[in-house]
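A short write-up of the structure that comes next.
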Amino acid sequence: MREVFRRPRGTQDILPDQVSRWRTVEEKFRHWCGLYGYWEVRTPAFESRALFERTVGDATDIVEKQMFRVGPPKADEGRPEQKEKEEWVLRPEGTAPVARAVLENGLLSRQSLVKLFYVAAIFRYERPQAGRLRQHHQCGVEALGSGDPALDAEVIDLGWNFLNDCHIEGLSVFLNSIGCLQPECRPRYRQDLLNYFWQKESLLCKDCRRRLQSNPLRILDCKEETCQPVARKAPKSWEYLCPACQDHFSRLQDHLSGMGIPFEIDGHLVRGLDYYQRTVFEFRHMGLGAQNTILGGGRYDGLIEELGGPATPGVGFGCGIERVLLAMVPTPNEQEQSAVIDVFVAPLTKAAQKEGVKLLSALRKKKIAADMDYSEPKNPTGTEELRSLKGQMRQAHKRRARLVIIIGDDELTRNFLTVRDMVEHRQWTVAFGDAVAKITAYILGQRDPSLR
RNA sequence: GCGGGCGUAGCUCAGCGGUUAGAGCGUCAGGCUGUGGCCCUGAAGGUCGCGGGUUCGAGUCCCGUCGCUCGCCCCA
């Protein structure tokens with residue numbers, strides 16, 4: 001094979017036979033969001049690099065090495081008069097852009113609680129593997145303006161119902177609280193954790209030693225064999241929660257229990273993004289391989305403030321659509337959803353094709369799904385021949401057309417059309433003049449038998 | 001950034017170091033005049049990812065390279 005253009009590493013072409021699966025997931029998500037009172041928002045695919053540095057955290061992997069940079073065109077690159085000193089990146093996550101949009105457009109000055117959802121492409125420069133791509137798609141929700149744990153519960157409940165509606169089996173909910181920024185809460189915990197890990201430094205992997213400086217909470221999460229036992233015996237975050245965080249956490253658990261959502265406390269669940277406070281959660285699916293988190297989220301009460309707005313609490317989650325698709329049990333009829341058409345027009349000569357094309361257009365205007373064969377004759381010069389009737393009938397059958405309209409010399413000279421019902425194996429003729437009306441009526445009658 | 005596996009037709013894959021590299025599916029055409037599903041026949045389609053090496057001889061062995069894939073890291 002000659003050299004061809006290939007899609008960029010870690011991206012996917014979603015071909016027609018897969019698109020229906022995507023649409024069902026997206027439609028289910030929109031449906032559930034609607035029931036919970038969330039409104040769709042769409043933000044740009046790229047944002048200021050600083051937005052993510054500030055919110056996600058500049059010591060996180062995402063900011064350190066996973067952001068795709070986008071810049072001005074080559075011709076503009078070195079120009080002194082170029083004003084854009086700002087750096088732009090493809091969005092590596094969904095929450096910060098939504099928070100930015102809420103703040104920038106003053107949505108919270110119109111109402112005290114803003115509930116939004118999004119479906120968006122997310123970009124991260126990583127080595128692809130099963131369930132991990134450089135461009136993936138997330139559907140997510142963000143609820144800003146309330147710190148009530150009932151709102152945390154609502155968000156989790158929404159995710160839970162959505163994923164169950166997608167027929168995902170073997171889903172587990174993991175929950176934790178990483179406290180708040182009050183001195184007696186996370187900072188105190190962090191300090192004790194640091195003391196503990198420094199004592200065990202020799203037992204830690206080299207990444208974790210680095211994390212001692214940058215992000216000690218993440219050591220809890222390390223999968224390295226040597227770090228695991230150390231992490232397991234580390235102080236637990238919930239033992240350090242300040243009274244307010246403790247109350248929040250236990251009320252959330254009450255709500256979830258009341259909603260009948262099974263969950264498990266995971267003291268090692270910290271999540272990689274800096275903006276989280278208090279609640280963090282993940283929905284994991286067994287049997288997805290290494291990347292088994294389908295949905296993840298938490299509370300981010302300091303985020304809006306960090307962006308220069310008023311102190312505003314918020315909760316949300318992001319859910320990986322590709323991972324949902326991997327986890328969904330495929331329903332049998334899902335594969336055979338090739339487009340079914342109502343009418344296939346089969347002209348036998350170029351003269352007949354002129355009539356056929358007119359008929360096609362007229363039928364489609366009547367909302368009848370119609371098509372014909374466009375394959376070019378093998379001998380384009382001279383002959384009047386199109387594809388043989390047999391060939392066209394085969395096409396019609398493959399397209400699962402209900403009716404085939406045959407137009408040949410007989411039809412042309414005597415002003416009628418031959419109509420064949422491919423299901424009932426019957427055929428009849430119709431005068432040219434009322435062909436469109438008759439065919440339309442027949443198809444509508446087939447679709448809804450009560451019209452017959 | 002680091003490991004493992006794999007690159008043969010559009011797709012899924014056979015192919016013990018030895019002639020002109022195969023199958024199934026798909027595509028196209030035919031099976032007497034203008035009629036579909038099944039069946040039968042035939043055709044098109046491959047520089048065996050690329051480059052080097054070993055050998056009388058390489059799709060097959062070795063090295064490199066690129067790509068894909070799985071895993072580590074991290075995350076959805």
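Throughout, a chain's letter reflects where its sequence line sits, starting with A, and its residues are numbered from 1.
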Looking at B:C75, does its base get a donor-acceptor pair with the side chain of A:Arg323 below 3.5 Å?
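Donor-acceptor pair under 3.5 Å: yes.
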Please state whether the base of B:C73 and the side chain of A:Gln129 form at least one donor-acceptor pair under 3.5 Å?
yes
Taking only residues two or more places apart in sequence or in another chain, which ones pass salt bridge (charged side-chain N to carboxylate O under 4.0 Å, His left out) with [X]?
| X | value |
| --- | --- |
| A:Asp61 | A:Lys65, A:Arg218 |
| A:Glu322 | none |
| A:Arg6 | none |
| A:Arg42 | A:Glu40 |

RNA chain B contacts made by residues 47-69 of chain A, counting heavy atoms under 4.0 Å:
A:Asp61, A:Gln66
Within residues 7-16 of chain A, residues whose heavy atoms come under 4.0 Å of RNA chain B:
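When residues 7-16 of chain A is checked for heavy atoms under 4.0 Å from RNA chain B, the hits, listed by number, are A:Arg9.
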Using the side chain to side chain contact (heavy atoms under 4.5 Å, CB included) rule, pick out the option among A:Val436, A:Leu360, A:Val343, A:Leu403 that qualifies with A:Ile368.
A:Val343
Under the ring-ring contact (aromatic ring centres under 6.0 Å, His included) test, residues paired with [X] that sit two or more places apart:
| X | answer |
| --- | --- |
| A:Phe281 | none |
| A:Phe46 | A:Trp88 |
| A:Tyr196 | none |

For [X], which contact category applies under a 4.0 Å heavy-atom criterion: base, sugar-phosphate, or nothing?
| X | answer |
| --- | --- |
| A:Gly140 | nothing |
| A:Arg271 | sugar-phosphate |
| A:Glu322 | nothing |
| A:Leu133 | base |
| A:Ala396 | nothing |

Grab the stems for RNA chain B, please: at least three consecutive Watson-Crick or wobble pairs, both distances below 3.5 Å, written as range with range.
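Output for stems: B:1-7 with B:66-72, B:10-13 with B:22-25, B:27-31 with B:39-43, B:49-53 with B:61-65.
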Looking at A:Phe174, I'd like to know if the NZ or CZ of A:Arg284 sits under 6.0 Å from its six-membered ring centre while staying within 45 degrees of the ring's axis.
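Yes.
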Please, which pairs that meet ring-ring contact (aromatic ring centres under 6.0 Å, His included) have at least one residue in residues 409-439 of chain A, sequence neighbours excluded?
A:Trp428-A:Tyr442
In B/S/- notation (B base, S sugar-phosphate only, - none; protein heavy atoms under 4.0 Å), nucleotides 35-44 of chain B written 5' to 3' is BBB-------
Please report, rounded to the nearest Å, how far the P atom of B:C75 is from the CD1 atom of A:Ile321.
20 Å
